[in-house]
Amino acid sequence: GDGINEFITTKKDNFALILINPSSKIYDVHKLVHDIRVNPKLVNVPILALIDSPNANFDRSIINDADEFMCKHHPCEDFVKRAKNLIKYHDFQNKCDLYSYEANHDFVTSLLNRRGLKRKIEELDNSFFPCYLYLFDIDNLKSVNDSSGHESGDKAIAIFGNVINNFSYNNIIARYGGDEFIFITNKLKNEKEALEFGEKISILYKKEAEKENINVSCSSGCSVFTSKKDLEDNLVKKTDKGLYKAKNVNKGHCIFLNE
């Protein structure tokens, strides 16, 4: 691990391929591969295992850890061809992963966008339910855009994304559009806990925005969903009513609507 970190600090981020020798007695090959996979500069670099011969004595599971393997007795031309193909494939795969990520995530907040949210909900099974869904809306964002410019408005949106993303573990979070965000969780037990969480987000957001001298707050509506069909059919219908009430009666707070 330290050896790899030491090595990459002396190099530029232009690694195309990593060669390992599974039969090596100099280093722990499993640990080496693990350290490569968890290193952010190397995680997407393909690993080619070069074995001495088909009958060489080594832990065969190492081949599964690598992306490709070949015997050293192959002609040099074969090695070059295999290496080039492996690099091309990984480059293509990395681009596909990037395009897929960008297609399903919001540019400003890095949260799921509406398309990504739909796909995430499609992956749920009924063991996830019942769940609570919040529809958050940033208050006074138009005033911020008008008075301080859209850069400040984008910052206000990004701040909310950072605040809500602190609660992302095993939850579903998306920027639903404009200044609206959806948060879905199955970790709450009742209406009281649901309201407390909504209020907590409002307080945290206002506090973080004030640090940047941005005068905004957030309101939210919350509802409980009992099944996947209920969620798919009524994604924002229920919570939208609670949000509307919060915006017009109790701005900057959370309203729970149980219908």
Side-chain angles (χ1 to χ4, degrees), residues 101-122 124 131-168 171-188 194-210 212 214-225 228 230-259:
Y101 179 87
E102 290 179 344
N104 290 283
H105 289 78
D106 172 58
F107 175 74
V108 177
T109 63
S110 296
L111 299 175
L112 292 172
N113 57 22
R114 194 176 289 203
R115 182 189 293 107
L117 173 65
K118 183 176 183 294
R119 290 185 176 178
K120 201 73 176 176
I121 291 174
E122 287 173 351
L124 296 176
C131 69
Y132 290 82
L133 184 147
Y134 294 83
L135 181 60
F136 289 96
D137 183 275
I138 298 175
D139 304 317
N140 307 320
L141 187 62
K142 185 178 184 304
S143 297
V144 172
N145 285 330
D146 292 343
S147 62
S148 304
H150 283 81
E151 187 175 333
S152 293
D154 283 348
K155 184 177 285 188
I157 289 170
I159 291 170
F160 186 86
N162 289 335
V163 168
I164 199 72
N165 201 39
N166 287 325
F167 303 91
S168 62
N171 297 316
I172 301 171
I173 311 173
R175 183 181 178 191
Y176 195 65
D179 54 1
E180 292 184 339
F181 295 79
I182 279 180
F183 181 91
I184 305 173
T185 182
N186 63 356
K187 298 176 184 175
L188 303 173
L195 283 171
E196 287 174 350
F197 180 77
E199 292 296 319
K200 180 179 182 178
I201 296 299
S202 295
I203 292 168
L204 287 173
Y205 177 55
K206 190 169 180 62
K207 183 179 178 181
E208 291 302 311
E210 285 175 349
E212 300 293 332
I214 301 176
N215 183 27
V216 287
S217 58
C218 71
S219 302
S220 61
C222 179
S223 293
V224 63
F225 290 80
K228 183 175 179 178
D230 183 23
L231 183 61
E232 289 176 328
D233 292 347
N234 304 291
L235 183 62
V236 293
K237 291 177 184 176
K238 291 182 181 180
T239 47
D240 201 33
K241 293 178 182 178
L243 175 60
Y244 179 82
K245 189 173 180 180
K247 296 283 282 186
N248 289 276
V249 179
N250 203 14
K251 184 178 283 191
H253 296 279
C254 180
I255 296 290
F256 185 88
L257 199 65
N258 195 358
E259 292 186 348

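Note that the numbering runs from 1 along the sequence shown for the chain. Atoms considered below: every heavy atom in the structure, side chains included; atoms not considered: hydrogens, waters and symmetry mates.
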**Asked** In Å, rounded to the nearest 0.5 Å, how long is the span from CG of Leu135 to CZ of Phe181?
**Response** 10.5 Å
**Request:** Indicate yes or no for a side-chain donor-acceptor contact from Tyr205 to the backbone of Ala156 under 3.5 Å, with no hydrogens or angles considered.
**Result:** yes
**Prompt:** Taking the six-membered ring for Trp, are Phe256 and Tyr132 parallel (under 30°), tilted (30 to 60°) or perpendicular (over 60°)?
**Reply:** tilted
**Request:** Check whether any side-chain heavy atom of Leu188 lies under 4.5 Å from a side-chain heavy atom of Val224, and answer yes or no.
**Result:** no
**Message:** Taking Gly161's backbone N and O only, do any of them form a donor-acceptor pair with Asn165's side chain (distance below 3.5 Å, no angle check)?
**Reply:** no
**Message:** Could you work out, with side-chain contact (heavy atoms from CB on, under 4.5 Å) as the rule, every residue matching Asn215, not counting sequence neighbours?
**Reply:** Lys206
**Message:** Does the plane of the ring in Phe197 sit parallel, tilted or perpendicular to the ring in Phe167? Use 30° and 60° as the thresholds.
**Reply:** perpendicular
**Prompt:** Can you tell me how far CD1 of Ile164 sits from CZ of Phe136, rounded to the nearest 0.5 angstrom?
**Reply:** 4.5 Å
**Request:** Give a yes or no on this: more than 12 heavy atoms of other residues, nucleotides or ligands lie within 6.0 Å of atom NZ of Lys228.
**Result:** yes
**Minimum heavy-atom distance between Leu141 and Gly153, given as atom pair plus value** = CD1-O, 3.7 Å
**Asked** Is Lys200 atom NZ crowded by more than 12 heavy atoms from other residues, nucleotides or ligands, each under 6.0 Å away?
**Response** no
**Prompt:** Do any pairs count as a salt bridge (charged side-chain N to carboxylate O under 4.0 Å, His left out) and have a residue in residues 103-118, sequence neighbours left out, and if so which ones?
**Reply:** Asp106-Arg175, Lys118-Glu122
**Fill in**
Rounded to the nearest 0.5 angstrom, the OG1-CG distance for Thr109 and Asn162 is 8.5 Å
**Item:** Side chains of Leu243 and Glu180 in contact at under 4.5 Å (non-hydrogen atoms)
**Value:** yes
**Message:** Please check this pair: side chain of Asn113 against backbone of Ala103, looking for a donor-acceptor N/O pair closer than 3.5 Å.
**Reply:** yes
**Item:** Lys247 atom NZ, over 12 foreign heavy atoms within 6.0 Å
**Value:** yes
